Amino acid sequence: MTIWQGRLSGELHALADEYNRSLPVDRRLIKEDLEGSIAHVEMLAKQDIIDRDDGALLVAELSRMLAEVSAGELEIDERAEDIHSFLEQELTRRLGEVGKKVHTGRSRNDQTALALKLWLKRQIEVTVSLLEGVVLSLIDRAERAADLIIPGYTHLQAAQPVSVGHYLLSYAWMFIRDRERFLDLKVRVDRMPLGAAALAGTSFPLDRHAVRERLGFSELSLNSMDAVGDRDHVIEYQAAAAISMMHVSRLAEDLIIYTSTGYRFISFSDAFSTGSSIMPQKKNPDLAELMRGKTARVYGNLMQALTLMKALPMTYNKDMQEDKASLFDSVDTLQSTLALLTPMLESLTFHEEQMRSACRDGFLNATDCADYLVRKGLSFREAYKVTGELVQKASDASVTLESLDLFTFKHAHPLFDSDIYDAIDLDRCLLARETEGGPGKHAFSLQVEAARAALLK
Ligand code: ARG
């Protein structure tokens with residue numbers, strides 16, 4: 001027996017019943033749905049829409065059910081259509097006729113919207129604090145690696161030296177923006193839909209503000225059709241999750257490259273590596289690869305949510321029941337990924353000598369050599385050309401720029417003098433880049449401060 005057996009009398013076909021049922025998915029909303037019902041019933045009684053004694057009975061039983069859920073004691077009837085109808089049926093089983101009053105002035109349409117928004121607001125908070133964990137561990141690692149030199153790349157070709165600290169903070173900023181995105185979308189989730197009923201509100205004198213306040217929402221949805229027809233918040237979470245997973249995936253890709261045989265800049269601790277079933281020498285970055293791989297699912301979920309909503313006529317359509325499985329999957333995937341990322345970052349070991357020799361062999365001080373000539377009065381384009389020829393010479397002889405003798409430098413251009421060696425010293429090159437936002441020592445410490453401060457906003 002379903003809650004909507006009125007006009008319809010025959011039983012649903014067994015396959016139709018199975019197809020229609022969303023309980024296996026929306027049972028995750030059980031607490032939020034009970035909390036929503038408690039707030040609704042309290043308000044109904046206060047407004048004298050239902051008898052006050054009935055209201056007290058309903059609130060007491062709903063609260064008992066909530067406590068049972070927390071204790072893992074409430075048994076869910078798996079044959080129920082969804083979590084909302086199960087809870088009404090269970091309440092009626094326990095209280096008899098009074099239980100049937102819970103749905104006064106309410107529809108499953110606004111009830112579903114409410115439970116999902118309550119749940120999503122909480123998950124946004126969890127997501128935000130996991131992002132903060134990742135950012136803090138990146139900042140922490142960055143500070144400890146402020147002087148370690150590593151090649152910076154463009155086109156995956158070694159370009160200029162940076163510090164590991166500066167490199168790690170580049171990701172910290174990406175996750176800081178992700179955090180901002182989630183906090184920003186939370187403002188829009190924070191509009192309470194209950195009172196919209198099916199789509200057109202109700203003539204009962206509901207006090208929507210009382211329910212809003214009781215449930216901790218900042219504002220009300222101000223159009224009943226929008227309130228039940230809108231799933232922007234689901235799509236916004238999916239979009240922010242997709243962007244955040246894209247950042248994780250890029251970081252994972254870097255780590256996969258930097259731990260590979262050709263690079264060996266970094267290694268994972270054994271707790272975050274796997275072996276091969278046949279090759280005894282292997283230490284594989286499976287966890288980083290899975291992070292990159294799971295990003296695809298979250299992208300897919302975003303596309304599903306957008307496509308689900310794109311041609312729905314106003315207002316609620318049953319299609320919208322399909323909003324939750326993919327949302328839950330994205331929430332779970334993003335949260336478990338961020339939770340793993342934090343200890344994984346903490347377990348990384350950086351290999352100083354490997355990173356430094358990659359900087360040396362890749363002529364990463366060539367720009368500094370050109371800048372030296374500019375400081376002596378040459379135009380940049382001319383200095384660029386002279387340095388290019390020197391790099392070619394060093395490369396042909398398989399030596400670094402700094403091991404060319406002064407005669408070779410002077411021969412390339414008379415402005416060169418013995419202070420060129422200081423100017424192209426890798427550590428000095430790095431520390432000299434004091435542009436705001438650059439890797440220089442002072443600029444870096446300001447950056448660390450700014451990153452910490454960004455988390456307090
Ligand atoms: N389980 C449904 C959902 O998640 C509840 C809403 C049903 N409403 C309706 N008018 N059929 O969308």
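All of these numbers come straight from a predicted model, not from anything done at the bench. Whatever order the structure lists them in is the order used to number ligands and atoms, beginning at 1.
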Say whether S85 and D82, considering side chains only, have a donor N or O and an acceptor N or O under 3.5 Å apart.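 Yes, a side-chain donor-acceptor pair sits under 3.5 Å.
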
Is it the case that Q123 and Q335 place a side-chain donor and acceptor less than 3.5 Å from each other?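 A pair is found: one side chain offers a donor N or O, the other an acceptor, under 3.5 Å apart.
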
If I take atom OG1 from residue T333 and atom CG from residue L338, how far apart are they, to the nearest 0.5 angstrom?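 If we round to the nearest 0.5 Å, T333:OG1 and L338:CG are 10.5 Å apart.
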
Could you list each nitrogen or oxygen of ligand 1 that sits under 3.5 Å from a protein nitrogen or oxygen, with the atom names and the distance?
| residue | atom | partner | partner atom | Å |
| --- | --- | --- | --- | --- |
| ligand 1 | 1 (N) | S22 | OG | 3.2 |
| ligand 1 | 1 (N) | D82 | OD2 | 2.8 |
| ligand 1 | 1 (N) | Q321 | OE1 | 2.8 |
| ligand 1 | 4 (O) | K324 | NZ | 3.0 |
| ligand 1 | 8 (N) | N109 | OD1 | 3.0 |
| ligand 1 | 10 (N) | N109 | OD1 | 3.0 |
| ligand 1 | 12 (O) | Y316 | OH | 2.4 |

Which residues satisfy the side-chain hydrogen bond (donor to acceptor under 3.5 Å, both in side chains) test with S267, sequence neighbours excluded?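 side-chain hydrogen bond (donor to acceptor under 3.5 Å, both in side chains) list for S267, sorted by chain: H351.
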
Charged N-O contact under 4.0 Å between E11 and R79: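 Here E11 does not pair with R79 in a salt bridge, since their nearest N and O are not under 4.0 Å apart.
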
Does the plane of the ring in H247 sit parallel, tilted or perpendicular to the ring in F175? Use 30° and 60° as the thresholds.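 Perpendicular: the ring planes of H247 and F175 meet at over 60°.
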
